[in-house]
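Proteins get letters first, then strands, A, B, ... in listed order; numbering begins at 1 in each.
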Protein chains: 2
Amino acid sequence: MKSEANQVDQTSREKLMKSAEHLFAERGYDGVSVRDIANDAGVNSALVGYYFGGKEGLLAEVYTQRCGLLRDERAQLLAEYSAGGKTPSLEEVLDAFITPSLESARNGEGRRSLPHIRSILAAENSSLLEKLVAENFDESSKIFVKALGKCLPQLTHEDVLWRFHFLLGTIYYTATGPHRIKALSRGRCDPSDPAATKEELIPFLVAGFTAPSAAKGNKRRGRGRGNGTVKS
Amino acid sequence: MKSEANQVDQTSREKLMKSAEHLFAERGYDGVSVRDIANDAGVNSALVGYYFGGKEGLLAEVYTQRCGLLRDERAQLLAEYSAGGKTPSLEEVLDAFITPSLESARNGEGRRSLPHIRSILAAENSSLLEKLVAENFDESSKIFVKALGKCLPQLTHEDVLWRFHFLLGTIYYTATGPHRIKALSRGRCDPSDPAATKEELIPFLVAGFTAPSAAKGNKRRGRGRGNGTVKS
DNA sequence: CCCTTATTCGAACGAATGCATAAAATATAC
DNA sequence: GTATATTTTATGCATTCGTTCGAATAAGGG
């Protein structure tokens, strides 16, 4: 036992990052002061400047680290589904992408913090965020978009991108605003339950992704209304 | 000519609300000061206290007004689709719900501000937001959930709620984080174009909503994986 | 032991915040 | 014209913000 980050023996730097992640996810970037974070971590607030150069640096560090974990988990799951050179099914690709997002509770106790932080920053601090996203996520996204495209050869690249965008929306909203559906359903739909969420989300997404292409370039895409009308 | 809110003849109150909507949507609640808003509106900052009782009151006023407009637009579209006692199709219900969200640019020039504001508040000021949402939206949501359920009798109520939740995610994320897909597609997918977004979103959602039920109670739900695997 | 380096701490800074108040300006009524 | 009510402006206040600085403490090598 080398007492790395086992339990009690955290360095001040680690304490700060942990508290920052927690508080940023809970109250947003502008909603939390450096003093709040340092207080929650039980260290002096000047350490934020010492270790991270300032509040923004602390945020960037937290975000980058979290992104790395998430990205690795996703890549590993995708690799498992691709074992033996097999091409993963659409369901499997979606599962590999979604599962780590819903269960990002493993390391420490960080509630589903990354998507939460991410969606907060999208609004509050968009300039900094865009840089962080580009640095940490674009590459990972491209891998999954490619995997999705391989499952869906009948779609244009743009179709896949659009639907990937919608997929992101469902994930982020599930992390950000779970209260509304919980209230509407009187507690019976609980987006904070990863298993239940996945059970509902995957079939929804599979069907959405396999819908006929909507690209304009697709001259003959039969539409009219497709099967839009449901027998009622 | 009563010079209500025609064009140039805005009252200071209106100017404040307009600027507040704009700035809140752009930088978040904590990210904007009362002075910023008043400055942008070209009026004195004390008017915020005079007219709205403070910053929170201003936000509540903006949010409530915007919600009312959105709710009315949605209701009107749904009524149009229900003309003559006919039951609207799934596509039509979705269209009635989505279109006003994507095009909330009409009044003034407010970019798609409401979903943006909404998603910001979800993180920043959740206590105030939850009250506002409950006051302004729950009733409207129930109407659409009911309309959706009528289109999808084979689904359980919980299924419909879950999918409605996913639908909200796609809308909010489209309003909040359009940059990522725009960058990934090198500008060819533009979520700020309502028509293009709808053309992609509606087929995706129709397919997702008509997917077989995923409810656990539904013992016999037909196929194990549906058409999840695509011919490749 | 001393000396160097890395950390931690308390205090303070200027700037910006939300809010309240009083005076000035304008409109309205008589 | 005068008095009253409404709207706008200007200013001040107490607080909090992120950051910086110098001193105090801990750690380690010679």
For [X], all residues meeting side-chain contact (heavy atoms from CB on, under 4.5 Å), sequence neighbours excluded:
| X | value |
| --- | --- |
| A:K198 | A:D95, A:I98, A:T99, A:L102, A:I202 |
| B:V34 | B:S45, B:V48, B:K55 |
| A:A96 | A:L77, A:L78, A:Y81, A:F144 |

Please list each protein N or O that sits under 3.5 Å from an N or O in nucleotides 15-17 of chain C, with the distance.
{"unit_1": "C:dT17", "atom_1": "OP1", "unit_2": "B:S33", "atom_2": "OG", "d": "3.3"}

Chain B contact limits on DNA chain D, taken 5' to 3' with a cut-off of 4.0 angstrom to heavy atoms: D:dT7 to D:dG12

Atom-pair distance (CG on A:N39; P on C:dT8), nearest Å: 16 Å

Interatomic distance where CZ belongs to A:R13 and P belongs to C:dT8 [whole Å]: 11 Å

B:E80: side chain to side chain donor-acceptor pair (under 3.5 Å) partners, not counting sequence neighbours: B:Q76

Contacts of B:S19 that satisfy side chain to side chain donor-acceptor pair (under 3.5 Å) - sequence neighbours left out: B:D40

Sugar-phosphate, base or nothing in reach of B:G49, heavy atoms under 4.0 Å: nothing

Salt bridge (Lys or Arg N to Asp or Glu O under 4.0 Å) partners for A:R71, two or more places apart: none

Results of salt bridge (Lys or Arg N to Asp or Glu O under 4.0 Å) for B:R13 - residues two or more places apart only: B:E61

Within residues 164-184 of chain A or reaching into it, pairs that qualify as salt bridge (Lys or Arg N to Asp or Glu O under 4.0 Å) - sequence neighbours excluded: A:K182-A:D190

A:L184 and B:F164, any side-chain heavy atoms less than 4.5 Å apart: yes

Residue mapping more 5' on DNA chain C - nearest nucleotide basis, B:G53 or A:A46: A:A46

Please produce a list of atom pairs where a protein N or O lies less than 3.5 Å from an N or O of nucleotides 4-7 of chain C.
{"unit_1": "C:dT7", "atom_1": "OP2", "unit_2": "A:Y50", "atom_2": "OH", "d": "2.9"}

Qualifying residues under ring-ring contact (aromatic ring centres under 6.0 Å, His included), relative to B:F52, sequence neighbours excluded: none

